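Data block below; observations after.
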Amino acid sequence: MDKQKFYITTSIAYANAAPHIGFALELLIADSIARYQRLLGKDVYFLTGTDEHGIKIYNTAQTKGLSPQQFVDEISNEFKELASKLNISYTDFIRTTDRNRHWPAAQRVWSQLATKGDIYLGHYQGYYCVNDEAYITETDYKSGAYDNKTVIELSEDNYMFKLSNYTSELQSAIGNTLQVVPAHRGKEILNFIKDGASDVSFSRQQDKLPWGIPVPDDNNHVMYVWSDALTNYISAIGYADDETKFNRYWPADVQVIGKDILRFHAMIWPAMLTGLGLQLPRNLLVHGFITSSGQKMSKSIGNVVSPNDLIDVYGVDATRYYLLAAIPTFDDGDYSPTRMQEVYTSNLANDLGNLVSRVMTLANKNFDGIIPQTPDHHILTDESIATWHQYFEEFAIDKAIGSVWEVVRNCNAYVDATKPWELSKTDQNAANQAIVNLLHTIKQLSVLLYPIIPDTCNQIRHQIGLHPINTDTISLDSELHASLPVGHQLSTSKILFPRIET
RNA sequence: CGCGGGGUAGAGCAGUUGGUAGCUCGUCAGGCUCAUAACCUGAAGGCCGUUGGUUCGAGUCCAACCCCCGCAACCA
């Protein structure tokens, strides 16, 4: 295997509730990057998964009368179903309850850090809610949410991780060996640790947290979230049991996360890796949150948007398009039914769908769908292709899509400018030429948009008589530049995005 | 209090090193008929948060202030 590797991860979703649209966004960002990298011919390893330990899960399972394992099996499946419904091209799905792959790796990480002296027995001081049987944060406590419950302040033995030892390493890594995208998120972290990072607790007492990975050599303790969940990124690729695989794929090229878990991924995780003597992930891509009609999504407001509902009404690709194109990749974005309808109708049905439809009809009417000549004009310029590449390399998915849409609009303008239906009355050859030029561009679009709306791209390719994109064998250059051969037969035309009335 | 982000046409956003303010959607008016009543062209619409400063000239630099959002460490 001489292909260049590309390792990309999403965060692992916490398996205590049904999938949220925010996680759909994260899956899609990662998926579009993974697909793009495959177009470049790389051997892409795309990891996602679920985080299945912790007191919340333990308690929720009890409430439902299920064992914790039964419960997380169910939830984990829901996440897998969402991923397949969204057409996510992941290559691996890691679960933190996986005792064959994950536990040994997490325990190995622990032992190595302990041997190095980075883990010590210290004290956790904080709040604990007796009713919920859960540790809570000071912020939670002060928020008022626990006013009716019994909250005690406690101090107990916990294993701590010497994050404080790694302050200077983190400071020199962020923005260099570890790129935080967008860069201002990195600044946020640097600012935060400028007076030094504090140690974090790595374990909880087994009697209070019965659902987790045992700490090596101490039965009274169970791993707390950081040492457990963060290691998924290396446990999945064989940190404990497959050195060859591990050496091939680590370090990760991109780790996609939400802004809520930035600190853990930009501080604790790189510190752990440094302690283990491993390289840091090259990029940490931080996306924002989705608001619902301008408001924070919350159950109490009742404005939570389910990714499944969107897919049911608009289809996978329209959902993918909305989340990737209409939500800025690096910032918060808004979802509203009105905007969804607008984006669907305007961009997908009118711009793209109608373009394909009108060109197919022209091709059938003018030369029975049999390609009569080769293109002589490029609507898609090399410059546009370069821009597309650049945005994908920068992970600015929304901008990459925007650059392609310019081409779509240029195609529509080109149809109107050349007027093949009029030309054909006086100069059939010129009319055919314009149509061939358009078909060639549509073929190119089916490649450029593949990372975003893969099904649609393959449908377009089917209509113009081409095989689906096969990223195992693709050569991006020839796929983009080779024209449909003279004599090539197009297939039948079909509406890509039917109008949806609401 | 502190740190980070943001305040630009009705809405959502771009605006590189300072030099006549752009894009998408929406609105209005034309054009076209190949197409999913789709497409194309044009127009209207902005004291670029406020005030002061630097400059021949600032959305773009400096200062102060106002408003919105996030973070404020164990939230899995």
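Computed from a prediction, not measured in an experiment: that's the story for all the values here. Naming convention: chains lettered A, B, ... in sequence-line order (proteins, then strands); numbering from 1 in each chain.
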>> I'd like to check the salt bridge (charged side-chain N to carboxylate O under 4.0 Å, His left out) partners of A:Asp416; sequence neighbours left out, ordered by chain and number.
In response: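 Once residues adjacent in sequence are excluded, the partners of A:Asp416 under the salt bridge (charged side-chain N to carboxylate O under 4.0 Å, His left out) criterion are A:Arg358.
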Provide, to the nearest angstrom, the distance between the [atom1] atom belonging to [X] and the [atom2] atom belonging to [N].
X        : N     : atom1 : atom2 : answer
A:Phe264 : B:A73 : CZ    : C1'   : 7 Å
A:Ile379 : B:C40 : CD1   : P     : 13 Å
A:Ile261 : B:G70 : CD1   : C1'   : 16 Å

Return yes if a side-chain donor-acceptor contact under 3.5 Å exists between [X] and [Y], otherwise no.
X        : Y        : answer
A:Thr97  : A:Glu52  : yes
A:Asn410 : A:Glu406 : no
A:His102 : A:Asp228 : yes
A:Gln373 : A:Asn429 : yes

>> Using the rule given for side-chain hydrogen bond (donor to acceptor under 3.5 Å, both in side chains), can you reason through A:Thr387 versus A:Ser384, listing the C-alpha separation, both sets of side-chain angles and the distance that settles it, and then say yes or no?
In response: CA-CA 5 Å; A:Thr387 304; A:Ser384 297; 5.8 Å; no
> Could you give the distance from CD (A:Gln489) to CG (A:Asp368), rounded to the nearest 0.5 Å?
Replying inline: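 One gets 8.0 Å once the value is rounded to the nearest 0.5 Å.
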>> Would you compute the distance between atom OG of A:Ser203 and atom CZ of A:Phe161 and round it to the nearest 0.5 angstrom?
In response: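 Answer rounded to 0.5 Å: 13.5 Å.
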>> Tell me which pairs pass side-chain hydrogen bond (donor to acceptor under 3.5 Å, both in side chains) where either residue lies in residues 258-271 of chain A, with sequence neighbours left out.
In response: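 Every side-chain hydrogen bond (donor to acceptor under 3.5 Å, both in side chains) pair that includes a residue of residues 258-271 of chain A, provided the two are not neighbours, is A:Tyr233-A:His265, A:Gln255-A:Trp269, A:Lys259-A:Asp332.
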Quick test: give all pairs of protein nitrogen or oxygen and nucleotides 4-6 of chain B nitrogen or oxygen below 3.5 Å, distance rounded to 0.1 Å.
none

Would you tabulate the nitrogen or oxygen pairs shorter than 3.5 Å linking the protein to nucleotides 23-25 of chain B?
unit_1, atom_1, unit_2, atom_2, d
B:U24, O3', A:Arg409, NH2, 3.4
B:C25, O2', A:Glu342, OE1, 3.2

> For B:A73, does OP1 or OP2 lie under 4.0 Å from any side-chain N or O of A:Tyr224?
Replying inline: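 Looking at the OP1 and OP2 atoms of B:A73, neither is under 4.0 Å from any side-chain N or O of A:Tyr224.
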> Hey, does A:Met267 reach any base, or is it just sugar-phosphate, or nothing, if we go heavy atoms under 4.0 Å?
Replying inline: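 Since a base atom lies under 4.0 Å of A:Met267, the category is base.
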> What does nucleotides 27-36 of chain B look like as a protein-contact string, B for base, S for sugar-phosphate only, - for none, at under 4.0 angstrom between heavy atoms?
Replying inline: ----BSSBBB
> Got A:Ile12 and A:Thr50 here, is their nearest side-chain heavy-atom distance under 4.5 Å?
Replying inline: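 Side-chain contact under 4.5 Å: no.
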>> Below 30° counts as parallel, above 60° as perpendicular, anything between as tilted: where do the rings of A:Tyr414 and A:His377 land?
In response: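 It falls in the parallel class, under 30°.
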>> When the P atoms of B:C75 and B:G5 are compared, how many Å lie between them, rounded to an integer?
In response: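 Roughly 28 Å separates the two P atoms.
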> Looking at A:Phe93, does the NZ or CZ of A:Lys80 lie under 6.0 angstrom from its six-membered ring centre and within 45 degrees of the ring axis?
Replying inline: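 Yes, A:Lys80 sits over the ring of A:Phe93.
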>> In dot-bracket form, 5' to 3', how is RNA chain B paired? Count Watson-Crick and G-U wobble pairs only if both distances fall under 3.5 Å, and write | where the partner sits on another strand.
In response: .((((((..((((.....[..)))).(((((.......))))).....(((((..]....))))))))))).....
